[in-house]
S.K.: 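To start, I am sharing the structure in question, which I have written as structure tokens.
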Amino acid sequence: YALQRPALLITQLAGGEVASPVMDHYPVKIHPAKIQLRYERVKALSGVAFAREEIRHIIEALGMPILEEQPDHLLVQIPGNKSDVTREVDVIEEILRVYGYDRIPEPGRMQVTVNPGVRPDPVFLREQIAAMLSARGYGEAMNLSLDGSGRYEKIPSLQEAGLVRIHNTANVHLDSMRADMIPNLMDSIVRNLNRQQPDVRLFEFGKTYRKTGDAFEESRRLVLVITGRREPESWLAAGRVEADGFTLKADVQAVLRLLRIQGWQEQDAKDDRLAIGLSWGRGPKTLVRFGALSNEILDAWDIDRPVWIADFDWDALLQAIPGKDMEAASLLRFPVVRRDLALVVDHAVPYADIEALARKTEKKWLLRVDLFDVFQSEEHLGPGKKSCAVAFRFADPGRTLTDGEVDGVMDRLIEAYSSRLGAVIRR
């Protein structure tokens, strides 16, 4: 009737003509589904102890004939107008819909199965680092994993490993996988410089791909690049202060501090890509190499200014994260005692050794070690010497430290510096 009525109106009002009788295209006969409904299953999924008579009443009201009734289940026939009801759980859902979800009592106790995630969570940490670097003035770069083999072949410092070549018919210039993050980031710097944006800070998460013999290696990296001003241009800043290695070092430390990584060893970076740089690692694992890019790479991109870069091994960082969660401590109730030392040491002695030796010598009361001055003068100190002014802060969470206790700690520190580092206390 629903089809015949509009056909009649078309013939009466629009001059149409009925061309054929009603045809039903029904190539495959649809047989009504038969589903077994278990009483215990209804109770387990709904949490309601339905009376069997009530279940039968709802099913019949829904137009689902009951074909068979057994002590523990019903065999229900599903009509053709309920094509979405194909499983036992679908029949139970229909029963609850009619019964009313608001009538289902809430249990006094709920049981939930918790699926623990991966620790540490790389995605969460990546988002945290991205937010932190953005707050420090960085923009995120997202470059292609494809690259051109030509520029690797022209720059010897980028040829330390074999390229993973591909057959790219869409773009013959992109004929290899990215072996290093630096080339694409250098392209980004040049693009900014060409558009009168001289102050650039970028970070990028990505993978590098290399081939050694018949083996392929994928390495996940986090790379930072800086060039231009240290701070945004402002009337408060007197003159132009360029970013330098200490600017980058502070950002590298911020990344490690966010990941709660401590106790790394420092050494000169043995990296042909860097004119000068440092390498921080834990045991055999190198966490990060950072420093000034070599003139060879700068000349290849025709850049006439220093570019500072930090290259993190993301997998090594994840492995170095402490397994123990961060713990909160109450504020100190008792005063902190500060003592200063001026240590005359060889110029080759890094400050990291000074701090590490202090923490190794005094583990109970030492809170912080800070370097607040460095003085160099051959006339006053001698050739190859420097004076490091270091502040030590001590405290006990349960009481106030006495002068005698702090003096004893300082005597042990002075002895350790004299015997281990050859330091002389500058009076």
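These numbers come from the heavy atoms of this one structure, side chains and all, not from hydrogens, waters or symmetry mates.
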S.K.: Test Arg338 against Asp340 for salt bridge (charged side-chain N to carboxylate O under 4.0 Å, His left out), laying out the working first.
M.R.: CA-CA 7 Å; Arg338 170 174 170 161; Asp340 297 345; 2.9 Å; yes
S.K.: Tell me whether the count of non-hydrogen atoms from other residues, nucleotides or ligands lying under 6.0 Å of CZ in Arg333 goes above 12.
M.R.: no
S.K.: Are side-chain heavy atoms of Tyr39 and Leu74 found at a separation under 4.5 Å?
M.R.: yes
S.K.: For Ile66, look at atom CD1 and say whether over 12 heavy atoms of other residues, nucleotides or ligands are found less than 6.0 Å away.
M.R.: yes
S.K.: Distance check, rounded to the nearest 0.5 Å: Glu217 atom CD versus Lys207 atom NZ?
M.R.: 12.0 Å
S.K.: Is any side-chain heavy atom of Phe392 closer than 4.5 Å to a side-chain heavy atom of Leu413?
M.R.: yes
S.K.: Between Phe205 and Phe203, how do the two ring planes meet: parallel, tilted or perpendicular, split at 30° and 60°?
M.R.: perpendicular
S.K.: More than 12 non-hydrogen atoms from neighbouring residues, nucleotides or ligands closer than 6.0 Å to CZ on Phe372, yes or no?
M.R.: yes
S.K.: How about Glu88 and Val42: do any of their side-chain heavy atoms sit closer than 4.5 Å?
M.R.: no
S.K.: Is it the case that more than 12 heavy atoms not belonging to Arg52 sit under 6.0 Å from its CZ atom?
M.R.: yes
S.K.: Give the C-alpha distance, both sets of side-chain angles, the deciding distance and a yes or no for side chain to side chain contact (heavy atoms under 4.5 Å, CB included) between Val255 and Val288.
M.R.: CA-CA 10 Å; Val255 172; Val288 57; over 6 Å; no
S.K.: Quick check for you: to the nearest 0.5 Å, what is the distance between Ile92 atom CD1 and Lys43 atom NZ?
M.R.: 13.5 Å
S.K.: Would you confirm whether Arg305, through its side chain, and Leu298, through its main-chain N or O, come within 3.5 Å as a donor-acceptor pair?
M.R.: no
S.K.: To the nearest 0.5 angstrom, please state how far the CG atom of Leu258 sits from the CD atom of Gln128.
M.R.: 5.0 Å
S.K.: Mind checking side chain to side chain contact (heavy atoms under 4.5 Å, CB included) for His380 and listing every partner two or more places apart, or none if nothing turns up?
M.R.: Phe375, Ser377
S.K.: Show your working on salt bridge (charged side-chain N to carboxylate O under 4.0 Å, His left out) between Asp370 and Arg393 and close with a plain yes or no.
M.R.: CA-CA 9 Å; Asp370 296 300; Arg393 290 176 173 84; 2.7 Å; yes
S.K.: Under a 4.0 Å N-O cut-off, is there an ion pair linking Asp315 with Arg220?
M.R.: yes
S.K.: Does CD in Gln262 sit with more than 12 non-hydrogen atoms of other residues, nucleotides or ligands closer than 6.0 Å?
M.R.: no
S.K.: For Arg339, is there an ion pair with Glu362 - N to carboxylate O distance below 4.0 angstrom?
M.R.: no
S.K.: Nearest 0.5 Å, please: how far is CG in Leu144 from CG in Asn184?
M.R.: 7.0 Å
S.K.: State whether a side-chain donor-acceptor pair under 3.5 Å links Ser219 with Arg210.
M.R.: no
S.K.: Using 0.5 Å steps for rounding, measure from the CG atom of Leu193 to the CH2 atom of Trp301.
M.R.: 13.5 Å
S.K.: Check the surroundings of atom CZ in Arg191: do more than 12 heavy atoms from other residues, nucleotides or ligands lie under 6.0 Å from it?
M.R.: no
S.K.: Quick check against the 3.5 Å criterion: does Ser176 have a side-chain atom that pairs as donor or acceptor with the backbone of Asp147?
M.R.: yes
S.K.: Tell me every residue that passes side chain to side chain contact (heavy atoms under 4.5 Å, CB included) with Asp90, counting only those two or more places apart in sequence or in another chain.
M.R.: Val85, Thr86, Arg87, Glu93
S.K.: Closer than 4.0 angstrom, basic N to acidic O: yes or no for Asp199 and Arg201?
M.R.: no
S.K.: Has Phe334 got more than 12 heavy atoms of other residues, nucleotides or ligands less than 6.0 Å from its CZ?
M.R.: yes
S.K.: For residues Glu140 and Met142, determine if any side-chain heavy atom of one lies less than 4.5 Å from a side-chain heavy atom of the other.
M.R.: yes
S.K.: CZ of Arg359 to CG of Leu357: how many Å apart, nearest 0.5 Å?
M.R.: 12.0 Å
S.K.: Is there a side-chain contact between Leu125 and Ile321, using heavy atoms and a 4.5 Å cut-off?
M.R.: yes
S.K.: Can you tell me if Asp299 has over 12 outside heavy atoms packed within less than 6.0 Å of its CG?
M.R.: yes
S.K.: Is any side-chain heavy atom of Phe312 less than 4.5 Å from a side-chain heavy atom of Leu256?
M.R.: yes
S.K.: Taking the six-membered ring of Phe394, is NZ or CZ of Arg412 closer than 6.0 Å to its centre and within 45° of its axis?
M.R.: no
S.K.: I'd like to check Asp271 versus Ser279 (side-chain heavy atoms, cut-off strictly below 4.5 Å). Are they in contact?
M.R.: no
S.K.: Hey, does Val337 have a side-chain heavy atom less than 4.5 Å from the side chain of Thr400?
M.R.: no
S.K.: Determine the minimum heavy-atom distance between Leu371 and Ala389, stating which atoms define it.
M.R.: CD1-O, 3.4 Å
S.K.: With a 3.5 Å distance limit and no angle check, can you tell me whether Asn168 reaches the backbone of Asn171 through a side-chain donor-acceptor pair?
M.R.: yes
S.K.: With the threshold set at 4.0 Å, does a side-chain nitrogen-carboxylate oxygen contact exist between Glu405 and Lys364?
M.R.: no
S.K.: Hey, are Lys82 and Glu94 close enough for a salt bridge, meaning a charged N less than 4.0 Å from a carboxylate O?
M.R.: yes
S.K.: Is the shortest side-chain N to carboxylate O distance from Arg56 to Glu53 below 4.0 Å?
M.R.: yes
